[in-house]
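Keep in mind that this is a model prediction, so the values were computed, not measured. Sequence lines set the chain letters: A, B, ... in the order given, protein chains first and strands last, and positions in each chain run from 1.
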Amino acid sequence: MTTTPTLTSKHVETLALHAGFRSDPTTGAIAVPIYQTTSFDLGSTQNAIELFSLQKFGNVYTRIMNPTTDVLEQRMSAIEGGVMAMALASGQAAITASITTIAQAGDNIVSGTDLYGGTWNLFAHTLKAMGIEVRFVDPSDPDAFRRAADSKTRAFFGETLPNPKLVPFPIQEVALIGEELGIPLIVDNTAAPLICRPFDHGAHVVVYSTTKYIGGHGTSIGGLLIDSGRFDWEKHADRFPTLSQPDPSYHGTVWIDAVKPLGPIAYALKARISVLRDTGACMSPFNAFMFLQGLETLPLRMREHSRNADSIARFLADHPSVTKVIHPGLFTGEDKRRVETYLTGGNGGLVGFELAGGAEAGLAFIDRLQLLHHVANIGDARSLAIHPATSTHQQLTEERQLAAGVTPGYVRLSVGIEHYDDIEADLTQALDGLGQLAKAA
Amino acid sequence: MKTIQIGGTAVAVREAGSGTPVILLHCTGSSGNQWRAVADALLAGPLASGPGGRGYRLIMPDLRGYGASESWSGRGPMRLADEAAIVRALADDAGEPVHLVGHSYGGAVALTAALHAPETLLSLTLIEPVAFYLLRGGSPTDGLLFEEIAELGDRIAAGLVNGEYRAALEQFVDYWSGHGAWRSMEPEAHDALCRRIGAIALNFATTTGEKTPLEAAARVRLPTLLLHGGRTRPIARRIVERLTWTLPNATMREIQGAGHMLPITHPIPIAHAIGDHVTGREHAVVRFLERCAA
């Protein structure tokens with residue numbers, strides 16, 4: 001494959017279409033081919049020796065790398081401004097790999113409390129069972145990360161645009177604390193691709209559920225891990241034995257030494273050659289192709305998601321059945337400052353609101369929707385809605401629900417890219433119907 | 001803050017950190033103090049340490065007529081090369097090649113320094129360099145952009161001559177920072193700019209009057225990073241584009257959401273961009289992409 005001639009351009013609209021692939025050298029195809037194969041011909045034994053000893057990169061087995069997936073990885077790394085990306089089977093797999101690459105039993109990480117429920121479960125239960133403690137702190141107080149850290153802390157973690165609160169994570173502040181203490185900041189940018197640029201603010205690793213906006217069409221499950229290459233693992237070698245000590249699973253390789261001829265990719269390479277190899281949570285080449293299709297229009301879609309959601313938020317704020325609207329465009333004070341600092345490319349597609357009629361109204365509203373889908377997902381090109389108290393957060397106590405920002409009458413919208421008038425019309429008829437129900441009662 | 005004599009005028013220089021020298025040149029109407037937040041961010045993270053444990057020394061002069069530096073001596077028409085002599089003198093003083101960063105007017109000066117004394121430089125970071133003269137000979141749109149900025153320069157020069165400083169400077173500030181920006185400033189900031197109007201008018205004259213053609217930039221083989229804000233003026237974006245296409249070793253990068261005053265409004269993204277370029281991480285990214293595609 002040949003590289004694009006526009007590598008000097010960092011415009012995301014161009015990178016989304018061109019980075020990492022120009023055309024297939026055999027057929028001339030400009031769409032990225034799907035290499036639906038498990039294995040690759042190793043050629044000579046000498047070639048195999050060089051590949052397995054990392055003297056050169058090349059395709060060996062699709063669990064570790066695949067040419068279709070490789071284009072997605074290169075393209076997202078270029079868009080994000082990282083040095084290396086790795087695709088995985090899901091966002092949850094990406095988060096798990098991002099942590100287990102540097103944390104082992106007996107270690108801990110410090111995470112903000114505002115998290116996707118699946119991530120909360122991973123942190124509070126599964127990682128705990130593996131011996132990795134997750135210390136949860138309030139992200140509205142960045143210094144809490146410093147107070148919770150100790151000599152066994154291997155990472156800070158946060159979501160850039162967590163729902164339902166939708167207050168951006170204080171990336172600059174926590175990254176700075178991390179630089180001082182020698183702890184990398186991993187951020188989940190799933191809800192804010194392109195509109196938030198975590199590496200611009202000092203984040204060291206970015207993870208994604210590509211299932212959401214990057215795919216954009218609700219067809220495939222996937223995840224990504226992107227290494228900024230900025231964290232100085234060697235300077236803090238004592239804190240990161242998985243990178244600075246001989247790795248018994250790979251001929252005693254010391255990753256921070258092994259990558260010196262290649263570039264600042266110790267973390268990304270360990271994640272791929274060791275963690276992905278062993279846990280096997282790789283992305284299928286077919287799904288990588290689907291994400292490449294989604295990625296091509298991501299800049300256009302994010303603009304449209306943001307534009308429609310801004311308007312829907314204003315519409316809801318004026319509606320008599322709605323008691324509160326949660327949207328970055330409506331924040332004031334410190335929350336507004338964070339939005340202006342971090343959401344530089346738009347406010348995203350998520351809108352939350354509370355209905356005066358509580359849980360009963362929330363359920364009735366969902367049932368009355370005709371255009372919006374009732375789905376436990378975000379980031380689809382279609383508009384989606386859900387009533388978290390009776391679905392995604394049902395297993396939590398009411399107290400935990402409230403702590404997470406989920407009130408009985410709370411509804412979450414993932415605003416899509418349909419014509420704005422049609423989205424507003426569906427919300428109008430569903431909300432107006434609530435008024436009629438109340439009168440009938 | 002130390003002072004050195006360069007070309008008959010005293011130039012004040014502030015410094016932070018120690019190690020490989022990085023010179024940062026400020027914009028029109030400002031001073032070396034404009035880099036305070038960027039410098040803090042650089043030394044806290046991106047340039048906190050360097051190869052072999054050696055750090056970085058940030059050198060931030062006040063250009064002529066600003067801060068604690070003396071005004072132009074008046075011994076002839078001031079040219080960008082006269083300002084670029086400051087870079088040469090600071091590099092000589094450091095005793096080793098330097099990384100050079102310039103914003104706006106400082107960017108135009110930095111480009112000139114790279115043309116005149118590339119052997120003194122390790123890398124070049126140009127943040128919206130206002131090398132307006134590069135638009136001459138461009139497209140009809142380039143011509144209109146050049147006329148627009150030349151007219152602004154004329155209005156500032158007229159304000160200087162007839163004493164209507166504030167009206168002229170309001171146009172200058174609002175041109176770069178948006179309508180109403182002047183009115184939102186503190187009275188002390190108005191007074192400070194009024195005291196500098198002579199230097200501001202002179203900067204416009206040098207950046208519109210320079211005769212060096214765009215093609216000359218093709219000689220600058222230094223690794224160059226060109227930065228622009230996503231919400232900046234068309235003229236600033238256009239100069240960055242033309243330089244990106246002309247400089248043989250240039251990379252362009254956008255700071256999302258930023259306007260022309262990006263080192264002041266977006267110091268942390270700017271610090272990371274500078275840090276990536278100075279440390280070579282930016283280069284490592286491209287090289288790695290090429291390696292993967294090979």
Is it the side chain or the backbone of L194(A) that comes within 4.5 Å of chain B heavy atoms, both, or neither? backbone
Which bit of D276(B) is near chain A, if near means a heavy-atom gap under 4.5 Å: side chain, backbone, both or neither? side chain
How are the rings of Y342(A) and H201(A) set to each other: parallel, tilted or perpendicular (split at 30° and 60°)? perpendicular
Under the side chain to side chain donor-acceptor pair (under 3.5 Å) test, residues paired with R197(A) that sit two or more places apart: none
Ring centroids only, cut at 6.0 angstrom: are F156(A) and F231(A) within range, meaning strictly under it? no
Which one wins on heavy-atom pair count under 4.5 Å against chain B: G346(A), S228(A), G58(A), G81(A)? S228(A)
Holding to side chain to side chain donor-acceptor pair (under 3.5 Å), I want the full list of residues that pass it with T207(B), two or more places apart in sequence or in another chain. none
